[in-house]
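Worksheet: one structure, shown below.
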Amino acid sequence: MRVIIEDSPAAACVKAACIIGEQLQRKPASVLGLATGGSPVGVYDELTRLHNCGELDFSKVITFNLDEYVGLGPDHSQSYRFFMRTHLFDHVNLPQGSTHVPDGRSLDFDSYCESYESKIREHGGIDLQLLGIGTDGHIAFNEPGSSLGSRTRLKTLTSETIRDNARFFGSEDAVPRLAVTMGVGTILESRCCLLIAYGEHKASAIAKAVEGPVTAQVTASALQLHRDVIVVLDQAAATQLNRQAYYREVEDAQSLLESGQLGKLGIGDE
Ligand code: F6R
């Protein structure tokens, strides 16, 4: 796991957008997995800015979102389809039909969820999956206790998630109780995972996910089993990490390598 600690949430968003941008430069027809909620908003703003400057082209990109509330249609102001339109889809050149957000109004969720998984496979799998983390350690809506091998399915939200998300709905009672969500197993099949978190309220979940045991009680900890995970944090979200100093040393060494300053790493005879 690569852990990048930035000075502020704004700097973390720019860093995450830069990582996504590099993915699109390497592979213009990338399949991106996308997240909603407060955390990715600044990332989408930065991606939009880069697109407006002519630095990012989404014309060949395919997207799959992690989740959707059950019962909300695409025009509901709190649906994740609506969120994605507002924060990204309407601002970049993603062709119609290239974006996928689970449908929260299916009448047959079992076959719908299977077809969502099939579509991901038909597009060759997800190249880079953007993730936020819940205060209970969830990724997507894989609440504590979710199988680490789980696939796209219906999930009941915990009272903690309902409380956290009430800020978007005005009251806890208005938050849907169920969501369609990619499973932990689905997420782990992405070629790269990019987890972002800001603020002290995420510090405990981040410490458990990054340095705690791998457990279904903190589904983000399953990312420790993945070979290519980048975690981008602000300082507040990093406060409970024991190995902060080491993560910073790794990043310093990485930038010396990238800028060719090999002598400073004791390589060669500079
Ligand atoms: C949303 C999602 C959730 C959020 C998480 C954090 O698509 O998958 O896992 O990433 O609940 O939400 P925020 O960013 O609002 O704190």
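As the structure lists them, so they are numbered: ligands from 1, and atoms in each ligand from 1.
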Backbone, side chain, both or neither: what part of [X] comes under 4.0 angstrom of ligand 1, heavy atoms only?
X: Arg167; value: side chain
X: Ile133; value: backbone
X: Thr36; value: both

So, are Glu6 and Lys15 salt-bridged, with charged N and O less than 4.0 Å apart?
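Between Lys15 and Glu6 there is no salt bridge, as every charged N stays at least 4.0 Å from the carboxylate O atoms.
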
Do NZ/NE/NH1/NH2 and the carboxylate oxygens of Glu160 and Arg163 come within less than 4.0 Å?
no

Only heavy atoms count here, so choose which of Ala220, Gly33, Gly38 is nearest to atom 15 (O) of ligand 1.
Gly38

Geometric class of the Phe109/Tyr112 ring pair [parallel <30°, tilted 30-60°, perpendicular >60°]:
perpendicular

Quick one: sort the His51 and Phe58 rings into parallel, tilted or perpendicular, breaks at 30° and 60°.
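Rings of His51 and Phe58: perpendicular, over 60°.
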
Does Thr161 form a side-chain hydrogen bond (donor to acceptor under 3.5 Å, both in side chains) with Thr158? I'd like the steps, not just the answer.
CA-CA 5 Å; Thr161 299; Thr158 59; 3.1 Å; yes

Is there any N or O on Ala140 that sits under 3.5 Å from an N or O of ligand 1?
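It does: an N or O of Ala140 is found under 3.5 Å from an N or O of ligand 1.
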
Does any N or O of ligand 1 fall below 3.5 Å from an N or O anywhere on His138, backbone included?
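Checking ligand 1 against His138, an N or O pair does fall under 3.5 Å apart.
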
Can you sort out which atoms of ligand 1 are near [X], meaning under 4.0 Å from one of its heavy atoms?
X: Gly132; value: 10 (O)
X: Leu66; value: 8 (O)
X: Gly37; value: 14 (O), 15 (O)

What protein heavy atom lies closest to [atom]? Include the residue and the distance to one decimal.
atom: atom 14 (O) of ligand 1; result: Ser39 OG, 2.5 Å
atom: atom 16 (O) of ligand 1; result: Lys202 NZ, 2.6 Å
atom: atom 8 (O) of ligand 1; result: Asp67 OD2, 2.8 Å

Suppose we call two aromatic rings close when their centres sit under 6.0 Å apart. Are His76 and Tyr69 close by that rule?
no

With Arg243 as the cation and Tyr246 as the aromatic partner, state whether NZ or CZ is under 6.0 Å from the six-membered ring centre and within 45° of the axis.
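Flagged: Arg243 positioned over aromatic ring of Tyr246.
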
On a heavy-atom basis, which atom in Ala35 and which in Pro40 lie closest, and how many Å separate them?
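For Ala35 versus Pro40, the nearest heavy atoms are O-CG, 3.5 Å.
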
